[in-house]
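Remarks on the structure that follows.
Note that the structure is predicted; figures quoted are calculated from it, not measured.
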Amino acid sequence: MTACRAAQNRCRRLSPSKKDKVEKAPAVLWCCGGGVHNKALMDAIRDRCGRATKHSPWSECDVRASTAELGAPPDWMEAMAFAWFAKNT
C-alpha cells in the first residue's frame, strides 16, 4: 500500500459518515512521519476534520502540523518507536 493510499484510507476514517463508530474524537490530532511535509495530505486531513458536522466528534478536533511542537521530530517517530519496542521486549 502506498503512503498516499494509506492517507486516503485514514482520511475516510475521519469522515463524518463514520461518526457512529467514534464516540469521542481526540481534542488534538498530532501528525508525524514524512506525511507532515506533504502539504496536500495535511490540507486533506484538516479539510476532512473541518467538514465534520457539528454532531460529529471530529468537528472540534484541532489538527496540528507535527509532533515537532511536542519536541519529537516527526521524521524520527518510527525510529523512536522501534527503540522503545527494543528496550521493552
Side-chain angles (χ1 to χ4, degrees):
M1 176 180 288
T2 66
C4 183
R5 176 62 63 197
Q8 288 173 340
N9 289 341
R10 188 69 187 137
C11 286
R12 281 190 200 102
R13 288 188 195 112
L14 300 177
S15 171
S17 65
K18 304 283 186 184
K19 67 184 177 195
D20 58 326
K21 296 187 179 206
V22 178
E23 292 182 19
K24 183 174 179 179
V28 177
L29 181 65
W30 293 98
C31 301
C32 64
V36 300
H37 307 295
N38 183 328
K39 184 179 178 337
L41 173 61
M42 294 302 297
D43 288 347
I45 293 171
R46 285 189 187 99
D47 179 60
R48 182 66 68 160
C49 286
R51 284 191 293 143
T53 65
K54 67 180 182 177
H55 302 293
S56 169
W58 289 100
S59 63
E60 300 296 319
C61 186
D62 179 15
V63 179
R64 299 291 175 100
S66 92
T67 54
E69 295 178 46
L70 299 172
D75 295 322
W76 295 6
M77 294 301 290
E78 184 178 16
M80 290 190 299
F82 279 105
W84 184 88
F85 289 135
K87 180 183 181 295
N88 291 288
T89 56

Taking the side chain from N88 and the backbone from W84, do they hold a donor-acceptor pair closer than 3.5 Å? yes
L41 reachable from L29 in the ILVMFWY side-chain graph, under 4.5 Å edges: yes
Which pair of heavy atoms, one from M42 and one from G35, lies closest together, and at what distance? CG-O, 3.7 Å
For E78, does the CD atom have more than 12 heavy-atom neighbours from other residues, nucleotides or ligands under 6.0 Å away? no
T67 side chain to C32 main-chain N or O, any donor-acceptor pair under 3.5 Å? no
Heavy-atom pair with the smallest gap, counting every atom of S66 and V36: CB-CG1, 3.9 Å
Give the cluster check for W76 versus L70: same hydrophobic cluster or not, with ILVMFWY residues linked at side-chain heavy-atom distances below 4.5 Å. no
Closest heavy-atom pair, V63 versus C31, reported as atoms and distance to 0.1 Å, is CG1-SG, 4.2 Å
When every non-hydrogen atom of P73 is compared with those of M80, the smallest separation belongs to O-CE, 4.4 Å
